[in-house]
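In what follows, chains are A, B, ... by sequence order, proteins preceding strands, each numbered from 1. Every value quoted in this text rests on a predicted model; they were computed, and no experiment measured them.
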Amino acid sequence: LAKTTQPISMDSYEGQEVNITCSHNNIATNDYITWYQQFPSQGPRFIIQGYKTKVTNEVASLFIPADRKSSTLSLPRVSLSDTAVYYCLVGALISSGSARQLTFGSGTQLTVLP
Amino acid sequence: KAGVTQTPRYLIKTRGQQVTLSCSPISGHRSVSWYQQTPGQGLQFLFEYFSETQRNKGNFPGRFSGRQFSNSRSEMNVSTLELGDSALYLCASSLQGPAYEQYFGPGTRLTVT
């Protein structure tokens, strides 16, 4: 079972780059790493997913070192609207039906200050 | 296209009662997963259904059960409610499974008194 650990909170200022790291020491070979954003009173929203090295989309980058025991979500030039809780999720792409659990991190509250 | 919908949005029940929550996934999505979110435990995976079969199960007691219908709509049932079951219950749908990109509904806020 891949346990994940994230910082509880982070503060940043508008326009800065923010990096949030998730530790997942017991990640399995078939596990992918996914990051979600959650605003109050809403369900989480998908940000980015990766397996190894670097993945970039229009909103974020995800860096995964070779040992895959951690991952870093990078948000470029954050704005006030990026204030939210960010979760990392580790889980296998394909499940054969066994009781393989998906593990969400405890979440990182990012507060962007003006 | 329409997003994931969950009904009801809010629910108040008494200890010992049972409750059924409903989730309608995005059209074409065959995987539906359920999560419990509480301030103390965070987001916890309950189970996943794919094409009417439970494919994954989290670490919850048997009081928590679910099912999926042929149109991919899913229901979650909690029997013999306890105070600790008070939580936000989230449903998420995806094309292939919860480790892929998931689309979450707004959740059902369950309060057990």
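Side-chain atoms of A:T34 and A:Q49 form a donor-acceptor pair, as typed in the model, at a separation below 3.5 Å. A:T21 and A:T72 share a donor-acceptor pair across their side chains, judged by distance under 3.5 Å alone. At a cut-off of 3.5 Å, with distance as the only test, no side-chain donor of A:S74 or A:S61 sits close to an acceptor on the other residue. A donor and an acceptor atom, one from each side chain of A:S81 and A:S79, are located under 3.5 Å apart.
No part of A:S106 comes within reach of chain B, as not one of its non-hydrogen atoms sits under 4.5 angstrom from that chain. Looking at B:L90, only its side chain comes within 4.5 Å of chain A, counting heavy atoms on both sides.
For the set B:F104, B:Y35, B:F50, the entry with the most heavy-atom pairs within less than 4.5 Å of chain A is B:F104. Your options are B:Q6, B:E101, B:Q37, and the one with the most heavy-atom pairs under 4.5 Å with chain A is B:E101.
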